[in-house]
Amino acid sequence: MTQDNSFLQNVLKCINERDLTKAEELLSQALESSPEDPDLWRFLSVVAAFKSDHVSALELINKAISLNPENGVAYSNKGNILKELGRFEEALSSFDEAIRLAPSYPEGYNNRGNTLQDLHLYEESLIWYDKALALNPEYVEAYFNKGNALEWLHRHQEAMINFNIATSLDPQYVNAYWQKGLSQLTNGNFELGWQNYEARWTKSNPIQFYYSEIPRLEEINNLSGKKILIWAEQGLGDTIQFCRYIKLLSQTGAKITFLIPDQLLNLLKPLRQFCELKSSLTYQAQDFDFQSPLLSLPLVFGTTLKSIPCEIPYLGIDEEIERRLKSTFPPSPNLKVGIIWSGGFRLLDSDGYLIGQRRNIQLDQIAKLKEVQGIDFYSLQKGDPAESELHLRKDEVWPGLINCAHLLKDFSDTAALIESLDLIISVDTSTAHLAGALGKPVWILNRYDSCWRWLRGQSDSPWYPTATIYQQGSPGDWGGVIEKVKIDLSHFAKANLQKKDVY
């Protein structure tokens, strides 16, 4: 006995509303009377996939296919599951079978394109999105996915055309606004970019919005005496970068409470002259006139490329900590260069995927910098697995590297150590932001799919005047970046030596 269409539509409605428990209950009850219905098993597989239980999802979709081996949609579902399990070649085979069985099903072509994107085969993925769009010229997700592939190919104008088509077909398709915002910000189009960046609250994998019972801060007029809550919303680096707006907001006469992660309380002490710093908050809605997420302040202030508040340094150090750390340095005439090559693996991109492996550099690769003469290298690397690997392999890979991890108890220690060095070389981490905020020379080793804040095709940064950006020329190509850094570092070291000879 198969289920009627209204039952399956009700299940699908529960899935789309992410009421997965209800959907699973309905399907399990129906299976008691219809254990051979392949659609029930297929939808159970979809529920398991949405729960990120892809191993169970694969078992369930295989059951559905065994009951109906001619269902192309089921093979497309299976391909998506295999893709999430990282079994890309099997996923492509499954999509091929889906397309053979259901050649007029556009989702099969679109999903095949998505898998090719995961394999970095962006040109080839475009072929399959176009096939999907030929079958359904109003297929919003295919335009969106095609736009993402074009972004990877640095065909940004074409990407924006596809994002625009997606939002014209479905003005509620938030993910396309999000991608438009990232592209606009990367291109320096802040006027539109900040507006579309607000899609972060409602996109797939949204950022959590808090304090909604307090009115949003939307303009900077007539704020004298007003009580405003500003809250850090994303990573530590984001807070370090955008805390510069607290001083600007204080100049309106507002009374500011700035809610930040506990790890930053000591570091951000210089901001106490402009606000009350807190890491936790007990409050009632009437305690504040307005609230704003920290990264919405550029929108409130109407920040453009030319009006970025870039007075540096805007953070300071504890001089006593600096003296204590300097006393541990071995005597040397060499340049002192701090390095950070890993930011961990927790950071997610705009679609919810881990980008750690894309922004991090392997220890063996970064260790090639030791070939540059006239440099003492100091590791500021904190956090596993990189910190543990260095502990185990330092003598083998880079015996001359001075490991400072044990000296760094919090960000105040890191700031003092940065101030004691001549240069910081870092991947895109909070430490890179800290060096920039302190006005220290910092060379940022940047992945190919650069974060929007570093702009497009730039080797400098309007946010941090002392920063130099070294970007991958192709996805994963850290070798080219390291070679360029070695050349520039060698020039830097020679200039330092010549300077010492003069004096």
Cut-off 3.5 Å, side chains only: do [X] and [Y] have a donor facing an acceptor?
X	Y	result
Lys180	Thr167	yes
Tyr129	Asn114	yes
Thr429	Ser426	yes
Gln458	Asp460	yes

In terms of ring plane angle, is the pair [X] and [Y] parallel, tilted or perpendicular, where the classes change at 30° and 60°?
X	Y	value
Phe492	Trp443	tilted
Tyr173	Phe144	perpendicular
Tyr197	Trp194	perpendicular
Tyr464	Trp454	tilted

Got [X] and [Y] here, is their nearest side-chain heavy-atom distance under 4.5 Å?
X	Y	value
Ile256	Phe274	no
Leu305	Leu455	yes
Asn110	Tyr143	no
Leu121	Gln117	no
Leu401	Leu390	yes
Pro475	Trp152	yes
Leu126	Glu123	yes

Given 3.5 Å as the limit, does a donor-acceptor pair link the side chain of [X] with the main chain of [Y], or not?
X	Y	answer
Asn162	Ala159	no
Ser490	Ile487	no
Ser450	Asn446	no
Asp422	Lys336	yes
Asn189	Leu185	no
Lys440	Glu419	yes
Gln381	Ile340	no
Arg200	Ile207	no

Taking NZ, NE, NH1 and NH2 as the nitrogens, is one of them in [X] or [Y] under 4.0 Å from a carboxylate oxygen of the other?
X	Y	value
Glu151	Arg456	yes
Lys269	Asp318	no
Lys146	Glu141	no
Lys83	Glu90	no
Arg87	Glu89	no
Glu371	Lys368	no

Closest non-hydrogen atom pair between [X] and [Y], with its separation:
X	Y	value
Leu295	Pro298	O-CD, 3.5 Å
Tyr211	Gln291	O-NE2, 3.4 Å
Thr303	Phe190	O-CB, 3.3 Å
Cys310	Trp463	CB-O, 4.3 Å
Ser125	Gly113	CB-O, 3.3 Å
Leu277	Leu268	CD1-O, 3.2 Å

* Asked: Would a line drawn from the ring center of Tyr122 to the ring center of His154 be shorter than 6.0 Å?
  ->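 That pair fails the under 6.0 Å test.
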